[in-house]
Amino acid sequence: MTPQEFDQLIRKTLVYLDFHHDDAAKSLRREWREVLARIQRLQGPSSGSD
């Protein structure tokens, strides 16, 4: 799985979780958003050239 595919998988998961309103979904959504933000920081501005 490429980094772009992993990023897309996280985004799809977040969209799925947006349709669930229980506490577990809210917690998972928050955690996955943090993971996504970390990945984006690690990739930095050169992510398009990899």
(message) To the nearest 0.5 Å, what is the distance between CD on E34 and CG on L36?
(response) 11.0 Å
(message) If you apply the rule side chain to side chain contact (heavy atoms under 4.5 Å, CB included), what do you find for H20 with L28, and how did you get there?
(response) CA-CA 11 Å; H20 298 275; L28 284 169; over 6 Å; no
(message) To the nearest 0.5 Å, what is the distance between CD on Q4 and CG on D7?
(response) 8.0 Å
(message) If I compare all heavy atoms of K26 with all of H21, which pair ends up nearest, and what's the gap?
(response) CE-O, 3.3 Å
(message) For the CD atom of E5 and the CD1 atom of I10, what is their distance to the nearest 0.5 Å?
(response) 12.5 Å
(message) I need the L17 CG to R30 CZ distance, nearest 0.5 Å.
(response) 11.5 Å
(request) Please answer: with hydrophobic residues joined when any side-chain heavy atoms are less than 4.5 Å apart, are V15 and I39 in the same cluster? (result) no
(message) Side-chain heavy atoms nearer than 4.5 Å, only ILVMFWY residues, links allowed to pass through others: does that put L9 and F19 together?
(response) no
(message) I need the Q43 CD to R38 CZ distance, nearest 0.5 Å.
(response) 14.0 Å
